[in-house]
Student: 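I'd like to ask you about the structure that follows.
By convention in this document, chain letters (A, B, ...) are assigned in the order of the sequence lines, proteins followed by strands, and residues within each chain are numbered from 1.
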Amino acid sequence: MAEHDWEKTDAFRNTEIPYWLLLAVSAAFVAAAWFFYSNRHAAGHGGPAFVVKPQYYDISPARTLKKRLETEGMACGDCHDPSAGPSSSDPRVAPEVHSKVVLKHGPNNRCFNCHNNAKRDFFAEDGGGQIPYLKVETLCRKCHGTTYRDWTSGTHGRRNGYWNKAAGEQKQLPCIACHDPHSPAFKPMLAAPAPRKYTAPGVKH
Amino acid sequence: MADEKDQHDSPYFHPKPYGSGVTRRQFLAVAAAGAAAAAAAALSPLKDLTQIPTLRQFLQKHYTELTPEEKKEILGRISAEVREKYGVTPHLTAQPPLDGVQFAYALNMGRCIGCRKCVYACVNENNQSRDPQIHYISVLEMEKGAVNVETSNTDYEGQVPKKGHYYMPVQCHHCEKPPCTKVCPVKATWREPDGIVVVDYNWCIGCRYCAAACPYHARRFNFKEPYLPKEDLNPEMGYLSNRPRQVGVMEKCTFCLHRTRAGKYPACLEVCPTGSRKFGNLLDPDSEIAAIIRDKRVFILKQERGTIPRFYYFTDV
Amino acid sequence: MFNLFKFLRLSAAEVLDGDWRYYAWMSGLALLSLAGLNAYSVQLVHGLGTTGMSDHVSWGLYIANFTFLVGMAAAAVMMVIPVYVYHDEPLHDVVIFGELLAIASIVMCILFVSVDLGRPERVWHMAPPPLGKFNWPDSMLSWDVIVLNGYLFINAYVAGYLLYMKFLRKEPLKILYIPFVLLSIVWAVSIHTVTAFLYQGLAARPFWHSSIIAPRFLASAFTAGPAFIILTLQLIRKFTAYRIADAAMLRLRNVVQVAIAINLFLFASELFKELYIPDEHAVHMQYLMFGLHGHNGLVPWIWTALAIEAVAIALLMLPASRSMKWLNLACVFAVVGVWIEKGMGFIIPAFIPNPLGEIVEYLPTLNETLICVGVWAFGFFIYTAILKAAVPILTGRLRLGGVPYTAEAGMEPGGIPKPDFGAGFRPQGARWVDPGPPGR
């Protein structure tokens with residue numbers, strides 16, 4: 001067990017606290033107080049805040065359908081006499097007036113596979129029937145059956161509005177709202193900005 | 001006289017040599033005063049503390065224990081706070097889960113092009129902080145040939161999709177066995193009966209254990225006071241979803257609870273240009289989500305973690 | 001009851017009384033603690049954004065220090081077992097210092113967790129129902145709250161009881177402390193196991209999701225803790241009258257020898273498992289040891305830690321460390337090495353890369369470091385104060401009936417006015433020593 005050897009512990013008791021220590025400690029506390037008081041970080045966000053531009057969350061579909069086409073159907077009747085009969089020119093060659101149309105629809109390079117040769121304001125049903133503009137999915141499903149199947153069940157293509165049809169309207173987009181019928185492959189788009197990596201001061205990433 | 005002489009002769013006597021030091025008492029007094037001054041100065045930054053909770057806010061009970069009257073009062077109080085801060089009167093709801101509904105989400109990996117519109121639609125809808133920037137959705141640019149997140153990349157820019165890559169957005173998967181709700185020490189995050197994993201922002205203590213436990217990096221923490229410009233506020237709010245949050249609490253994707261419990265689609269789905277996002281009620285056989293689970297090839301990210309997510313990735317076939 | 005007040009009053013007086021070195025040390029620690037308090041005030045105002053943490057690395061230096069200090073607290077058991085189970089003589093006189101260290105360590109642990117909280121005023125939410133919503137038994141954090149506070153209580157009670165009985169010069173009743181001591185053996189292992197399970201249970205973090213974590217924690221705790229206690233005992237020897245036999249130090253040295261060997265072995269085992277046939281999960285170890293995709297922030301840390309621990313184990317195994325000089329060096333290295341390996345080298349790599357493969361590195365900010373320094377300084381302050389009161393009680397000088405010895409009391413034992421001496425005066429022998437028979 002420890003002995004009563006207080007000499008060792010108490011020897012220092014006879015030393016007084018040196019002045020310089022008192023001064024140093026006082027100075028340190030005062031300096032600390034001054035430092036603490038002035039240690040006020042700037043409030044608010046540093047640097048310009050990220051602006052979420054409306055185009056990043058623009059809800060409109062990939063293609064802009066021309067209004068007149070949506071409501072009135074195709075404008076073929078502007079040039080073509082609706083009662084004119086079938087064309088006799090090469091069905092693979094688009095006339096000069098239609099030169100702006102870029103046809104890249106895979107192996108489907110016959111205009112009249114889709115367009116109704118007899119009635120230019122309609123699309124071509126198998127057997128010569130007429131598919132109105134607003135029922136364009138009936139046309140596409142002639143070849144894209146599986147996609148049409150998925151479109152009707154909701155698996156393909158975007159739906160907007162209500163998942164709960166009892167609570168409100170569920171809007172479905174026609175095929176050509178997203179796919180350009182003449183070159184249906186999706187064009188690359190510009191991605192919205194990447195996330196700003198959170199960095200603490202001094203950390204490189 | 002004799003006493004004095006004795007005193008001087010006593011081996012104990014020694015005149016106090018002034019000037020060589022101070023007594024302990026004096027030192028302690030000075031040190032205590034100095035320490036008190038320094039302590040007061042140390043606490044001085046608290047002057048800038050703007051958000052001291054009121055007693056009512058401080059004592060607010062857990063969301064699941066609130067009576068309807070208390071809920072109403074709290075919603076009113078929060079609406080008032082939003083009105084004061086943003087100048088807009090919000091429409092704040094606290095909708096209960098719907099009966100016979102189990103929400104699930106599916107994402108078509110064959111069709112996502114990585115445009116990130118879902119990310120920003122979510123930000124716009126859910127009143128997220130612009131600075132520090134909070135995104136609930138991370139879009140991974142994956143290398144074709146495998147599903148390997150280690151070789152993926154979230155900071156791609158420019159025209160998408162890029163050759164040789166495909167895209168996989170990741171957000172909260174609303175797991176059936178969520179590790180985040182298991183580890184929360186105060187049950188501030190829990191799974192609602194309709195499948196949505198929610199956070200009570202007024203109950204969270206900010207320990208970030210849930211963030212460590214989530215295998216999908218879905219949870220976000222407010223390291224600073226969130227900054228949201230007034231004009232960007234979405235006034236359609238839910239208590240458990242997109243009402244403005246405070247510093248020091250967790251948040252995450254809520255499947256746009258304020259929209260979906262009213263029967264609407266989540267914001268991320270509505271904006272997707274390729275229609276890759278699908279959402280609905282698993283229990284409804286006519287819903288697109290049930291059709292996907294039934295007919296499509298579905299897989300789950302990090303399935304081996306055993307969390308049983310309600311977020312499925314699928315391809316068209 | 002009055003004796004208890006006397007005990008507390010005299011202990012307090014003892015804490016306030018010391019020489020210039022003691023005052024300088026305590027003033028310095030007080031200053032650092034206040035710096036930490038100031039930095040924490042800034043953090044309270046601005047949020048945890050004043051730290052270097054992010055959504056990617058959401059736990060940092062605070063939790064690293066917390067993990068290390070839980071280990072230090074648990075190390076008391078490595079003295080309790082030899083003394084109370086095997087009746088080891090040399091350690092008998094020093095086991096209380098381990099218990100006192102546990103008290104200071106647990107206080108620091110609680111402080112570190114508190115400063116890490118985003119909403120500290122909501123701590124009451126952890127109360128059991130009906131007040132709060134304590135998520136026991138699901139959440140390991142809830143277990144941690146229970147075991148840490150329980151351990152603090154056990155150690156405070158046992159140490160307090162023993163010191164109080166020594167003060168009263170009464171024999172402590174075995175029934176009132178032996179059961180608690182034996183409980184503390186199990187409890188000490190449990191605090192560190194629970195803390196290990198905090199990490200071990202997370203399937204989302206493959207770096208932690210390994211059964212070896214709990215054994216590693218215990219091994220590193222029993223390396224750093226007894227090493228720190230050896231260093232403390234050296235200081236007690238140097239500055240007080242308390243006699244500590246070399247045999248006690250050497251027994252502790254044995255503990256550290258075994259523990260550091262096991263610790264390094266377990267680390268090597270982890271390393272082998274990750275790197276022999278690396279799978280996807282090996283990226284974390286790769287980041288830690290070699291860097292990943294150009295990010296190598298932690299590489300110097302871990303290699304330094306391993307080098308330091310290698311030197312420590314070499315020194316400890318050599319007979320040279322039987323001499324105090326080399327033993328001290330080895331102990332300092334052991335503590336520092338384990339701190340790095342268990343702190344930065346364990347907590348941070350689990351977050352890099354994150355579950356989605358992203359890499360965001362972590363570096364603590366000045367504010368964060370100041371808070372850590374402040375908590376450590378406060379812990380040292382408490383530990384020094386506790387020891388300052390405890391040692392005189394243990395030597396027998398501070399006891400009931402002994403005349404309170406304060407420099408300015410003006411009283412010399414026996415009622416003679418105390419004379420004033422200049423600096424450095426050493427009185428002769430026995431006249432200063434005995435205050436007289438007990439019962440005054």
Side-chain angles (χ1 to χ4, degrees), chain A residues 15-19 21-22 25-26 28-30 32-37 39-41 43-45 47-54 56-59 61-62 146-147 150 153-164 166-168 173 178 186 188-198, chain B residues 20-24 26-27 30-31 34-35 37-38 40-42 44-45 48 113-117 119-121 123-124 130-133 135 138 154-161 224 227 229 232 260 262-265 269-275 278-281 287-288 291-292 295-296 316:
Chain A
T15 65
E16 289 185 317
I17 313 297
Y19 258 130
L21 183 66
L22 181 69
V25 167
S26 322
F29 276 128
V30 166
W34 178 84
F35 171 73
F36 297 157
Y37 193 74
N39 185 24
R40 314 274 283 279
H41 288 210
H45 49 281
F50 182 83
V51 173
V52 178
K53 300 197 183 122
Y56 302 154
Y57 55 89
D58 179 14
I59 207 175
T146 49
T147 309
D150 290 342
S153 74
T155 319
H156 181 101
R158 188 175 83 200
R159 294 198 176 186
N160 287 86
Y162 287 74
W163 61 264
N164 186 1
L173 291 166
C178 297
F186 249 72
M189 17 182 341
L190 187 64
R196 260 187 204 170
K197 279 265 165 67
Y198 184 100
Chain B
S20 71
V22 294
T23 63
R24 281 179 188 77
Q26 288 168 336
F27 181 89
V30 171
S44 66
D48 295 330
I113 53 169
C115 66
R116 291 203 189 99
K117 276 183 149 176
V119 177
Y120 291 102
V123 168
N124 183 52
R130 304 299 194 254
D131 182 79
Q133 190 190 63
H135 289 170
S138 309
T154 47
D155 52 18
Y156 61 91
E157 300 252 26
Q159 298 282 331
V160 285
K224 294 186 184 164
Y227 169 66
D232 291 344
T260 53
K264 299 186 196 163
Y265 282 120
L269 182 148
E270 298 230 272
V271 79
C272 178
T274 57
K278 299 290 161 200
F279 177 85
N281 178 11
S287 67
E288 52 262 43
I292 288 168
D295 300 330
K296 302 296 181 194
D316 268 328

Student: Side chain, backbone, both or neither: which part of B/Val123 has an atom under 4.5 Å from a heavy atom of chain A?
Tutor: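 The answer is the side chain of B/Val123.
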
Student: Indicate yes or no: at least one non-hydrogen side-chain atom of A/Arg196 is less than 4.5 angstrom from one of B/Asp131.
Tutor: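 Counting from C-beta outward, A/Arg196 and B/Asp131 do come under 4.5 Å.
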
Student: To the nearest 0.5 angstrom, please state how far the CG atom of A/Asp150 sits from the CG atom of B/Asp295.
Tutor: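 Nearest 0.5 Å value for the CG-CG distance: 8.0 Å.
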
Student: Minimum heavy-atom separation for B/Pro45 to A/Asn39, with atom names?
Tutor: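 Between these two residues, the closest heavy atoms are CG-O, 3.9 Å.
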
Student: For residues A/Phe29 and B/Ala31, report the shortest heavy-atom separation together with the two atoms involved.
Tutor: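 Minimum heavy-atom contact is CE1-O, 3.8 Å.
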
Student: Mind checking the CG-CG spacing from B/Leu269 to A/Asn160? Nearest 0.5 Å is all I need.
Tutor: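 Those atoms lie 7.5 Å apart.
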
Student: With chain A as the partner, which of B/Ala262, B/Ala37, B/Pro229, B/Gly158 has the greatest number of non-hydrogen pairs under 4.5 Å?
Tutor: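 Greatest number of close heavy-atom pairs with chain A: B/Gly158.
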
Student: Roughly how far apart are B/Asp316 CG and A/Thr155 OG1, rounded to 0.5 Å?
Tutor: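 One finds 8.5 Å between CG of B/Asp316 and OG1 of A/Thr155.
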
Student: Between A/Pro54 and chain B, with a heavy-atom cut-off of 4.5 Å, which part of the residue counts as in contact: side chain, backbone, both or neither?
Tutor: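 Neither part.
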
Student: Checking B/Ala40 against chain A: side chain, backbone, both or neither under 4.5 Å from a heavy atom?
Tutor: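 It is neither, since no heavy atom gets under 4.5 Å.
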
Student: Heavy-atom distances under 4.5 Å only: say whether A/Pro195 touches chain B with side chain, backbone, both or neither.
Tutor: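 The answer is both parts of A/Pro195.
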
Student: Shorter than 4.5 Å, heavy atoms on both sides: which option in B/Pro161, B/Cys272, B/Ser287, B/Ala291 has the most such pairs with chain A?
Tutor: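 Most pairs with chain A among the choices: B/Cys272.
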
Student: Could you check whether any side-chain N or O of A/Arg158 sits under 3.5 Å from a backbone N or O of B/Glu270, counting only pairs where one atom can act as donor and the other as acceptor?
Tutor: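 Yes; judged by distance alone, with no hydrogens or angles, the pair exists.
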
Student: What residue, out of A/Val30, A/Val52, A/Thr147, has the most heavy-atom pairs lying under 4.5 Å from chain B?
Tutor: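 Heavy-atom pairs under 4.5 Å are most numerous for A/Val52.
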
Student: For the atom pair CH2 (A/Trp163) and NZ (B/Lys278), what is the distance rounded to the nearest 0.5 Å?
Tutor: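 Rounded to the nearest 0.5 Å, the CH2-NZ separation comes to 15.5 Å.
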
Student: With side chains defined as the heavy atoms from C-beta onward, is the minimum distance between B/Lys117 and A/Asp58 less than 4.5 Å?
Tutor: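 B/Lys117 vs A/Asp58: side chains touch.
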
Student: Measure B/Ser138 against the heavy atoms of chain A and call it side chain, backbone, both or neither at under 4.5 Å.
Tutor: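 Neither; nothing under 4.5 Å.
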
Student: Give, as side chain, backbone, both or neither, the part of A/Ala33 having an atom under 4.5 angstrom from any heavy atom of chain B.
Tutor: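 Contact with chain B involves both backbone and side-chain atoms of A/Ala33.
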
Student: Is the A/Phe50 ring parallel, tilted or perpendicular to the B/Tyr120 ring (thresholds 30°, 60°)?
Tutor: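 Geometry flag for B/Tyr120 against A/Phe50: parallel rings.
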
Student: Write down the atom of B/Glu157, the atom of A/Pro193, and the distance for their closest heavy-atom approach.
Tutor: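 Between these two residues, the closest heavy atoms are OE1-CA, 3.8 Å.
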
Student: Less than 4.5 Å apart, side chain to side chain, heavy atoms only: is that true for A/Tyr162 and B/Lys264?
Tutor: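 Yes - at least one pair of side-chain heavy atoms lies under 4.5 Å apart.
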
Student: Using non-hydrogen atoms only, which part of A/Phe186 is less than 4.5 Å away from chain B: side chain, backbone, both, or neither?
Tutor: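 The side chain, not the backbone.
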
Student: Can you tell which part of A/Val25 gets under 4.5 Å to a heavy atom of chain B, answering side chain, backbone, both or neither?
Tutor: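 Contact with chain B is through the side chain of A/Val25 alone.
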
Student: With only heavy atoms counted, which part of A/Leu21 is less than 4.5 Å from chain B, the side chain, the backbone, both or neither?
Tutor: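 Its backbone and side chain both get close to chain B.
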
Student: So which atom in B/Arg116 and which in A/Ala191 form the shortest heavy-atom distance, rounded to 0.1 Å?
Tutor: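 Taking every non-hydrogen atom into account, NH1-CB, 4.2 Å.
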
